[in-house]
Protein chains: 2
Amino acid sequence: MQRDTVQRRAIRKVFKDLGRPLSPLEILQTARAQVPNLGIATVYRSVKGLTDEGWLVPIDVPGEPQRYELSGKDHHHHFSCRQCGRIFDFDGCPKDLAKLVPQGFLMEDHEVFLYGRCADCRKAR
Amino acid sequence: MQRDTVQRRAIRKVFKDLGRPLSPLEILQTARAQVPNLGIATVYRSVKGLTDEGWLVPIDVPGEPQRYELSGKDHHHHFSCRQCGRIFDFDGCPKDLAKLVPQGFLMEDHEVFLYGRCADCRKAR
DNA sequence: GTATTTTCGATATGCATTGTCAATCGGGAG
DNA sequence: CTCCCGATTGACAATGCATATCGAAAATAC
């Protein structure tokens with residue numbers, strides 16, 4: 001069974017604190033504040049475990065490494081800040097997607113990505 | 001200077017014939033109909049050349065290898081068929097994206113991906 | 001307390017992509 | 001048209017990156 005270790009507690013805390021999709025490297029860097037010599041292998045193992053048990057879900061962002069976020073959120077999409085590289089959630093999605101589907105095609109799912117500057121980066125400069 | 005070789009002619013022809021975004025492997029497999037022992041390195045080299053001169057543009061599809069398509073098309077997005085794995089273009093895009101941007105964020109760009117079955121795959125079964 | 005799982009750190013894998021190099025080809029000079 | 005040289009090719013090895021695995025040491029659950 002999955003044990004409750006300081007490393008896994010730290011990783012879970014990182015997700016609950018930041019509340020946005022994180023890459024393995026972001027998880028590592030943030031969790032090291034609590035567990036200084038956390039290994040990247042442990043991050044991958046824990047993420048895999050947490051994904052298998054459904055606590056995390058994988059997120060694919062075009063041209064970026066795999067990220068993960070807490071499962072169970074409402075339907076939403078992602079905003080990528082070109083300056084700081086962070087990914088944020090936003091609620092809602094376009095309502096007129098069905099009109100765009102080509103003749104004869106069947107749409108089962110959709111993804112929307114917005115790119116730009118996040119509030120922090122706009123303020124910073 | 002760039003020479004006009006049978007390999008590059010074949011690769012350009014593949015893009016003009018298929019008219020959809022192609023991965024290096026798709027290019028290789030299709031172009032081998034004309035140039036049987038075309039090498040993958042040549043595909044990468046040619047694609048890089050064609051991209052540098054602006055004839056191709058790179059396309060990132062979440063969770064998939066890089067693809068390329070002819071430049072100069074009108075604004076459009078991509079449909080990914082879950083059955084055959086091919087990527088198709090579709091025109092137009094949602095008009096109500098601006099409403100979705102979080103407070104204080106600046107949207108500079110957007111991407112939309114649709115997933116499902118293409119017309120061929122729906123017919124096939 | 002003891003058996004078992006988990007960790008770390010290094011090393012290994014899988015994959016897409018790039019480099020190497022001898023052999024070949026393209027295309028302008030003659 | 002033919003020659004010639006540098007650009008290009010194809011096979012293969014090498015890289016880069018994300019991810020997985022290994023074994024000894026440490027931590028956890030019962």
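In the text below, chain A, chain B and the rest are named by the order of the sequence lines, each starting its count at 1.
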Practice task
Decide if atom NZ of Lys13(A) counts as having more than 12 heavy atoms of other residues, nucleotides or ligands within a radius under 6.0 Å.
Solution key: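 Not more than 12 within 6.0 Å, no.
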Does [X] place a side-chain N or O at less than 4.0 Å from the phosphate oxygens OP1/OP2 of [N]?
X	N	answer
Arg3(B)	dC25(C)	no
Gln7(A)	dC8(C)	yes
Thr5(B)	dA7(D)	no

Problem - Tyr68(B) side chain reached by Ile59(B) side chain, heavy atoms, under 4.5 Å - result: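 Sidechains of Tyr68(B) and Ile59(B): no contact.
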Exercise for the section: State, with a plain yes or no, whether a side-chain heavy atom of His78(B) is found less than 4.5 Å away from one of Glu69(B). Expected result: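 Yes, side chains in contact.
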Tell me: [atom1] of [X] to [atom2] of [N], nearest whole Å?
X	N	atom1	atom2	result
Arg32(A)	dG9(C)	CZ	C1'	11 Å
Leu38(A)	dA27(D)	CG	P	15 Å
Arg8(A)	dA26(D)	CZ	C1'	14 Å
Arg9(A)	dT6(C)	CZ	P	14 Å
Asp52(B)	dT18(C)	CG	P	11 Å
Glu64(B)	dT17(C)	CD	P	12 Å

Exercise for the section: Answer with base, sugar-phosphate or nothing: what part of the nucleic acid does Leu25(A) contact at a heavy-atom distance below 4.0 Å? Expected result: nothing
Mind telling me whether [Y] and [X] have parallel, tilted or perpendicular rings, with 30° and 60° as the class edges?
X	Y	answer
Phe105(A)	Phe79(B)	perpendicular
Phe90(B)	His77(B)	tilted
Phe113(B)	Phe113(A)	perpendicular

Exercise for the section: Go through the steps for Asp52(B) and Lys48(B) under the test salt bridge (charged side-chain N to carboxylate O under 4.0 Å, His left out), then give the verdict. Expected result: CA-CA 6 Å; Asp52(B) 288 348; Lys48(B) 184 174 189 318; 3.3 Å; yes
Practice task
Choose from dG27(C), dC8(C), dA29(D) the nucleotide whose nearest atom is closest to any side-chain atom of Asp4(A).
Solution key: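 Nearest to the side-chain atoms of Asp4(A), counting from C-beta on, is dA29(D).
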Handout entry: B/S/- contact track for nucleotides 12-22 of chain D, protein heavy atom under 4.0 Å
Key = ------SB-BB
